[in-house]
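For the numbers below, each heavy atom of this structure counts, side chains included, while hydrogens, waters and symmetry mates do not. Being a predicted model, the structure only gives us computed values, none of them experimental. To find a chain, count down the sequence lines: A is the first, B the second, and so on, and within it residues start at 1.
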2 protein chains.
Amino acid sequence: MKILVTGGLGFIGSHTVVELQNEGFEVVVVDNLSNTSLGVLDGIQNITGVKPAFEKIDLREKDKVQDFFKRHDDIAGVIHFAASKAVGESVENPLLYYENNISALIYLLQELQQKPEANFIFSSSCTVYGQAETMPITENASIQTAMSPYGNTKQIGEEIITDTVKVTNINAILLRYFNPIGSHPSAEIGELPLGVPQNLVPFITQTGMGLRAELSVYGNDYPTPDGTAIRDYIHVVDLAKAHVIALQRLLNKKNETKVETFNLGTGTGSSVLEVIETFEKVSGNKLPYKIVGRREGDITSAYASTEKANEVLGWKAQSTLEEAMASAWKWEQKVRM
Amino acid sequence: MKILVTGGLGFIGSHTVVELQNEGFEVVVVDNLSNTSLGVLDGIQNITGVKPAFEKIDLREKDKVQDFFKRHDDIAGVIHFAASKAVGESVENPLLYYENNISALIYLLQELQQKPEANFIFSSSCTVYGQAETMPITENASIQTAMSPYGNTKQIGEEIITDTVKVTNINAILLRYFNPIGSHPSAEIGELPLGVPQNLVPFITQTGMGLRAELSVYGNDYPTPDGTAIRDYIHVVDLAKAHVIALQRLLNKKNETKVETFNLGTGTGSSVLEVIETFEKVSGNKLPYKIVGRREGDITSAYASTEKANEVLGWKAQSTLEEAMASAWKWEQKVRM
């Protein structure tokens with residue numbers, strides 16, 4: 001069965017392509033290469049033995065999207081990763097985010113709603129919960145006003161999908177990611193941010209490599225055991241596997257409603273200092289860091305309730321934080337050689 | 001000064017073009033003619049003596065928007081009406097609404113943010129308040145989860161503009177309309193919905209003309225004095241004048257913040273039965289109607305606090321419901337001759 005993976009050369013996308021191919025799916029990757037490179041295709045091939053079909057398409061171009069589906073009328077499912085994802089950049093250039101993240105989604109769904117049936121997996125984010133009132137966060141936690149255009153595009157995306165499935169043959173699953181980290185254990189693919197990393201783990205590993213002088217820890221006065229903010233760091237390979245399971249659920253018509261939502265996290269919160277300690281342990285390096293002020297818009301704590309994903313999807317994250325950090329470090333060392 | 005009016009051949013747009021021209025502005029109308037016709041240009045000319053410049057452009061086509069601003073580098077302000085507006089249709093075809101109402105907005109703002117300064121007036125709606133807790137509704141009333149894709153596009157539009165003005169030279173005013181009715185007193189322009197009218201007043205006037213057998217009144221068991229739902233019906237000419245005042249505020253740099261929001265209503269709520277009675281009075285016709293069940297998503301009551309618009313813009317609606325209904329009826333009679 002042929003699956004379209006948009007943004008399939010990105011961080012989570014590429015790991016999902018690997019897991020899809022491992023399960024025997026035929027994958028067509030579409031990516032505009034705005035934040036990745038063609039070399040990722042080789043990485044995927046080195047792991048799976050198969051180079052996925054690839055088309056360079058910018059999904060903001062409606063006619064290109066239409067043309068793609070004309071040429072591929074046998075797409076059984078779409079996993080839609082393609083999106084801009086840097087919170088800070090979204091504040092600086094909101095229209096880029098609204099266009100990238102909304103137009104592409106609309107054009108894809110417009111094609112899918114013409115089919116007798118269609119299956120759609122959407123990359124959402126725990127950012128929709130804002131600072132939730134209780135931990136762990138279940139899928140029923142209330143949606144908060146977005147704190148950035150990036151976050152808003154994820155909420156809007158969920159709304160567009162929810163409104164669309166009601167009146168079309170599209171079935172959808174919304175996956176709300178917590179904090180994906182790590183890389184494939186082979187270190188053939190991994191996270192490779194352009195410019196200064198916006199996320200903690202690539203900043204740590206780059207600092208570990210000496211590319212950055214020191215890590216800034218944003219705030220140690222949060223109401224947490226060690227004062228630093230708590231997040232739920234999930235190994236990207238675990239996350240990728242959840243996508244395959246979600247897709248199979250739709251393909252096998254096991255979904256109970258036209259749109260279902262799942263949190264994807266480990267269920268365990270880790271503080272910034274715990275992540276640093278774990279890095280120091282797996283790398284054997286001391287990590288230079290300094291405590292600075294809180295970053296606007298950062299919340300205190302977020303970790304997932306894994307109950308629904310576990311019971312309904314039969315999925316649970318397998319990797320420990322240590323394993324995830326070790327894989328991230330292995331990847332960082334490899335790409336800097 | 002040259003003003004771009006998108007959707008300038010629509011109901012509110014055309015009345016605003018008239019008021020702009022009356023105030024000496026040079027107007028360029030852009031419309032895709034999806035819900036109106038070129039004849040409206042003649043109506044505007046008959047009133048003002050000037051036929052505005054017109055270009056048929058679908059603002060969902062980004063390259064057309066870019067090309068327009070290349071050819072018109074002297075646009076001093078944009079009043080953005082172009083949008084789809086039928087609640088029921090938006091439920092049936094959500095992607096049409098998300099694309100129409102969001103893409104066009106993004107493309108316009110992308111052009112404006114490249115200018116040293118830009119002024120933008122946005123057509124929003126009281127629908128963002130949902131069923132407000134207290135009446136009259138002030139601009140500080142909380143925003144409720146949208147009850148339709150149409151309503152959601154208005155909320156999203158406001159969010160996109162608010163995020164964008166923060167980091168650009170664009171100044172914006174969001175105008176939240178209550179229920180615009182009526183027509184220019186000359187009956188040269190007016191409301192001419194395609195198909196079955198979605199709004200009360202055109203349905204009444206069409207029924208008055210015998211085009212519809214009877215009016216359905218959706219619910220007479222609301223907690224209101226006569227049991228029918230209450231809305232704030234504002235004469236479209238009053239509404240149009242508010243746009244000119246809002247534009248002048250931006251052009252004269254009188255705005256206090258980069259984005260300002262105003263409710264546009266009369267401040268008086270009228271029930272469906274009161275509107276029917278008023279129609280019967282001004283037309284001398286008995287209106288056939290029947291009471292049917294409530295319509296999903298309809299709220300009990302909504303009328304505007306006019307305080308902010310009055311104090312800050314110095315604007316107040318002048319026409320009575322009777323005058324508005326008389327103008328609507330005059331227009332309906334003229335177009336059906």
Chain B heavy atoms under 4.5 Å from [X]: which part of the residue, side chain, backbone, both or neither?
| X | value |
| --- | --- |
| A:S103 | side chain |
| A:K62 | side chain |
| A:Q113 | side chain |

Quiz item: Quick one: does NZ or CZ of A:K154 land under 6.0 Å from the six-membered ring centre of A:F122, within 45 degrees of the ring axis?
Solution: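 Judged by the rule (NZ or CZ under 6.0 Å from the ring centre, within 45° of its axis), A:K154 counts as positioned above A:F122.
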Practice problem: Kindly indicate whether a cation-pi arrangement holds for B:R294 with B:Y218, taking the cut-offs as under 6.0 Å to the six-membered ring centre and within 45° of the axis. | Solution: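 Here B:R294 fails the 6.0 Å and 45° test against B:Y218.
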Quiz item: Do you know which of A:I160, A:I156, A:T168 has the most heavy-atom pairs under 4.5 Å to chain B?
Solution: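 Of the candidates given, the most pairs with chain B belong to A:I160.
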Practice problem: Ignoring hydrogens and angles, tell me if any N or O in the side chain of B:E117 forms a donor-acceptor pair with the backbone of B:K115 under 3.5 Å. | Solution: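 Answer holds: no.
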Quiz item: Around A:K64, counting heavy atoms of other residues, nucleotides and ligands shown, do more than 12 lie under 6.0 Å from its NZ?
Solution: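 No, because the 6.0 Å sphere around NZ of A:K64 holds 12 heavy atoms or fewer from other groups.
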Quiz item: To the nearest 0.5 Å, how far apart are NZ in A:K258 and CG in A:L250?
Solution: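 Going from the NZ atom of A:K258 to the CG atom of A:L250 covers 10.0 Å.
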Quiz item: What option among B:V91, B:L96, B:I102, B:D163 has the most heavy-atom pairs under 4.5 Å with chain A?
Solution: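 If we count pairs closer than 4.5 Å to chain A, B:D163 comes out on top.
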Self-check item: Side chain, backbone, both or neither of B:Y97 within contact of chain A (heavy atoms, under 4.5 Å)
Solution: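 The answer is neither part of B:Y97.
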